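Both backbone and side-chain heavy atoms feed into the values below; hydrogens, waters and symmetry mates do not. This is a predicted model, so every value here is computed, not measured.
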Amino acid sequence: MATDTLKSTSSAGSATGGLRRLLLDNGALTALIVLVIAMSALSGDFLTTDNLLNVGVQAAVTAVLAFGVTFVIVSAGIDLSVGSVAALSATVLAWSATSHGVPVLIAVLLAVVTGIAAGLVNGFLIAYGKLPPFIATLAMLSVARGLSLVISEGSPIAFPDSVSHLGDTLGGWLPVPVLVMVVMGLLAAFVLGRTYIGRSMYAIGGNEEAARLSGLRVKKQKLAIYALSGVFAAVAGVVLAARLSSAQPQAADGYELDAIAAVVIGGASLAGGTGKASGTLIGALILAVLRNGLNLLNVSAFWQQVVIGVVIALAVLLDTLRRKAGATPVAGASQGGKGRQTATYGLAAVVTVAIVGATSFLHNGSSSTANPKVGLSLSTLNNPFFVQIRSGAQAEAKKLGLDLTVTDAQNDASQQANQLQNFTSSNLGAIIVNPVDSDAASNSVKAADKAKIPVIAVDRGVNKASVDALVASDNVAGGELAAKTIGEKLGGKGKIVILQGQAGTSAARERAAGFAQGLKAYPGIQVVARQPADFDRTKGLDVMSNLLQAHPDVQGVIAANDEMALGAIKALGSKAGTSVSVVGFDGTPDGLNAVKDGTLYASVAQQPSQLGKIAVDNALKALEGKKVEETIKVPVKVVTKSNVAGFTG
């Protein structure tokens, strides 16, 4: 009897221990299953074919980048340059194919060669120059991004139609980016598990000195490893640009962090020696499911960053627990181990489908809310101007009884494309979009048009796509007005500095064009410097401080937004409003306060709250099938100390 009891206890303990070991060995997979089940339970829009395909598309670029980074991390290195290399490769392709008439096939090869070259430079600096991988790839991050901006002159370049099909679907439903992700994932798995260089990666990551003493040519292997990372970055850049129909010089900014996070979440160790392609794919899917689900649940973009940071921390903690528990390493596995892994993935898929299927009944028969749903995708909420657009839109939506979902693209055209896809798959009544870039938003708007969802553009138009209405001020006209204001203030003579917006954005281009056009009427005005300060107050301060060293006698400043103008005022100190006149753009609360104080001479106010209000009004009209005007212009107004008291924005 006692023996039976012991056997029973031992068997139960063994079962519990086996389950614990299974969960620890497959922590990322467990997390993905839990996330899918949770999102399915919380949002009835998550578990649809369109949305699941969206998740795949949104994971594709990060996954392809991460496959390349997996090679580097397995070998105990790091590559911070993959995002910039992706942007540079896409820019080279578009520039050579469209601007110089190079055949598309050769242009694609040039893009891949660009990625290989960047990787080889990284590898050479690390292997032969003895630079730490962090420093070498950080330098390449800056160099590649700078070259992308130089080649493109800061503006997006249209992508060749034959390559843009990479962003389309096969058979009208299967996204090509997903296929590319699968192919590159299989290639990464083959390299890691079936090739000499793959085994070398694990050996170098496990113990570089031991690998060298065993006869491995470590330096040459590192060259090859970083070159492979460059190839995968180039492919990711081409896929991303194809989705956006244009090569964006600022594309994939910060994607290197997502790629590294995907690798770590997938079970690889930053200390090297462990990692696998399947784990990396799961890590990329976790990030995509998180962002997609949080968008559908209308969670603030700021909180999304917090959640993703917590997930990364938990992933590393789980890896530590797994190692302490003696779980199976994630490096190469035996044939039996691979068989068990395949069985585990199969079992996980079956369990997930069963639970998610049961969960979906929670949403069966549930109708949408009584209030019509509208989505608002803003280019950024890190700027008071767009915060005011949101405020005006939210106030009007509340007044009209609309359910308004607001997302923040954080000046990332790809992230905005993802958000618009999520809106479309959620079957919202209408969509309002403030494009990061007018060209890059076109494919997403076309998808919404195809789904018969009205689209209202606010502040910036959408090129190559049909929108129901454009609610905007004229950036070019506003730029001309700013130039006229500074010209009249200086009496038609003097030296001025122009602070431009973020390179590659339509607002920066249009306002700069307006400044140039308006200054033609004042030949006595000399522009001594034009420098970008990225619509940022701190950068405005730094750039203006530097320019003052070379041009201490400057008499005027035109800034493409109030934030940069306020930074310039800080740099000018007591000169602002006395010997130097500063003109801003947007009419933000801080800018208007500076006008009241006399440090900012004027701001070209676009009345952003009115833009948001009118956009919501027209979204409701379009949703109800009423006729809306194609273009609704909100007049700009020069606000100075004489009229600021009566201006409300």
Side-chain angles (χ1 to χ4, degrees), residues 39 42-55 291-301 363-379 381 386 389-409 416-435 441-462 465-472 609-632:
M39 293 304 177
L42 294 171
S43 173
D45 296 318
F46 180 81
L47 198 64
T48 64
T49 301
D50 286 345
N51 191 62
L52 292 178
L53 289 174
N54 281 347
V55 172
R291 289 199 170 102
N292 176 270
L294 293 173
N295 279 165
L296 295 179
L297 295 172
N298 197 19
V299 175
S300 162
H363 304 288
N364 283 350
S366 61
S367 59
S368 57
T369 58
N371 296 335
K373 291 184 177 181
V374 176
L376 168 60
S377 175
L378 289 167
S379 57
L381 283 174
F386 299 105
I389 289 181
R390 180 187 65 177
S391 298
Q394 288 176 329
E396 190 67 7
K398 184 177 180 180
K399 175 183 172 183
L400 297 175
L402 295 176
D403 184 358
L404 182 68
T405 298
V406 182
T407 61
D408 173 13
Q416 184 166 62
N418 294 342
Q419 293 167 354
L420 292 174
Q421 281 185 327
N422 294 341
F423 283 163
T424 301
S425 63
S426 300
N427 293 315
L428 295 181
I431 295 173
I432 303 171
V433 58
N434 161 235
S442 61
N443 283 346
S444 300
V445 171
K446 287 176 183 176
D449 290 339
K450 188 176 179 181
K452 306 297 183 185
I453 299 175
V455 179
I456 308 296
V458 62
D459 186 48
R460 303 165 187 163
V462 179
S466 175
V467 295
D468 291 74
L470 167 63
V471 181
S609 295
Q610 287 296 311
L611 288 173
K613 175 184 178 299
I614 295 171
V616 169
D617 287 340
N618 283 272
L620 180 59
K621 286 182 181 178
L623 189 157
E624 293 175 341
K626 297 178 181 177
K627 184 176 176 59
V628 295
E629 296 180 34
E630 289 186 7
T631 303
I632 300 101

Indicate the atoms forming the closest heavy-atom contact of Ser379 with Asp408, along with that distance.
O-OD1, 3.9 Å

Within the structure provided, determine whether Asp459 and Phe386 are in side-chain contact (heavy-atom separation under 4.5 Å).
yes

As a test of understanding, state which of Asn51, Asp50, Thr49 forms a side chain to side chain donor-acceptor pair (under 3.5 Å) with Ser425.
Asn51

Which residues pass the side chain to side chain donor-acceptor pair (under 3.5 Å) test with Gln419, sequence neighbours left out?
Ser377, Thr407

Euclidean distance, Leu470 CG relative to Ile632 CD1, rounded to 0.5 Å:
7.5 Å

Please confirm whether the backbone N or O of Met39 pairs with a side-chain atom of Ser43, one donor and one acceptor, at under 3.5 Å?
no

Specify the closest pair of heavy atoms between Gly461 and Ala457, including all atoms of both residues, with the distance to one decimal.
CA-CB, 4.4 Å

Say whether, by atom type as modelled, one donor and one acceptor occur between the side chain of Asp468 and the main chain of Ala622 under 3.5 angstrom.
no

To the nearest 0.5 Å, what is the distance between CG (Leu296) and CG (Leu47)?
11.5 Å

In the structure I gave you, are the side-chain heavy atoms of Leu402 and Glu396 within less than 4.5 Å of one another anywhere?
no

At what distance, to the nearest 0.5 angstrom, does CD1 of Ile614 lie from CD1 of Ile389?
11.0 Å

Can you find a pair of side-chain heavy atoms, one from Asn418 and one from Asn292, that are under 4.5 Å apart?
no

Non-hydrogen atoms of Leu620 and Leu400 that approach each other most closely:
CD2-CD1, 3.8 Å

Under the criterion side-chain contact (heavy atoms from CB on, under 4.5 Å), I'd like the reasoning laid out for Val467 against Ile456: C-alpha separation, chi angles, the key distance, then a yes or no.
CA-CA 6 Å; Val467 295; Ile456 308 296; over 6 Å; no

Counting C-beta onward and ignoring hydrogens, is there a side-chain heavy-atom pair between Arg460 and Asn434 closer than 4.5 Å?
yes

Interatomic distance, CD1@Ile453 vs OG1@Thr424, rounded to 0.5 Å, equals 4.5 Å

Work out which heavy atom in Ala441 is nearest to a heavy atom in Pro435; give both atom names and the distance.
CB-CB, 4.1 Å

Please name the pair of heavy atoms, one in Leu52 and one in Phe46, separated by the smallest distance, quoted to 0.1 Å.
CD2-O, 4.0 Å

Would you give the length of the straight line joining atom CG of Leu420 to atom CG of Leu428, rounded to the nearest 0.5 angstrom?
10.5 Å

Would a 4.5 Å heavy-atom cut-off, applied to side chains only, mark Val433 and Gln416 as touching?
yes

Give the minimum heavy-atom separation between Ala430 and Leu623, together with the two atoms involved.
N-CD1, 4.0 Å

Quick check: do Val374 and Val616 have side-chain heavy atoms less than 4.5 Å from each other?
no

Using side-chain heavy atoms (C-beta onward) and a distance below 4.5 Å, is Arg390 in contact with Leu378?
yes

Identify, with sequence neighbours excluded, every residue that meets salt bridge (charged side-chain N to carboxylate O under 4.0 Å, His left out) alongside Asp617.
Lys613

If you count the non-hydrogen atoms of other residues, nucleotides and ligands that lie under 6.0 Å from CD in Glu624, is the total more than 12?
yes

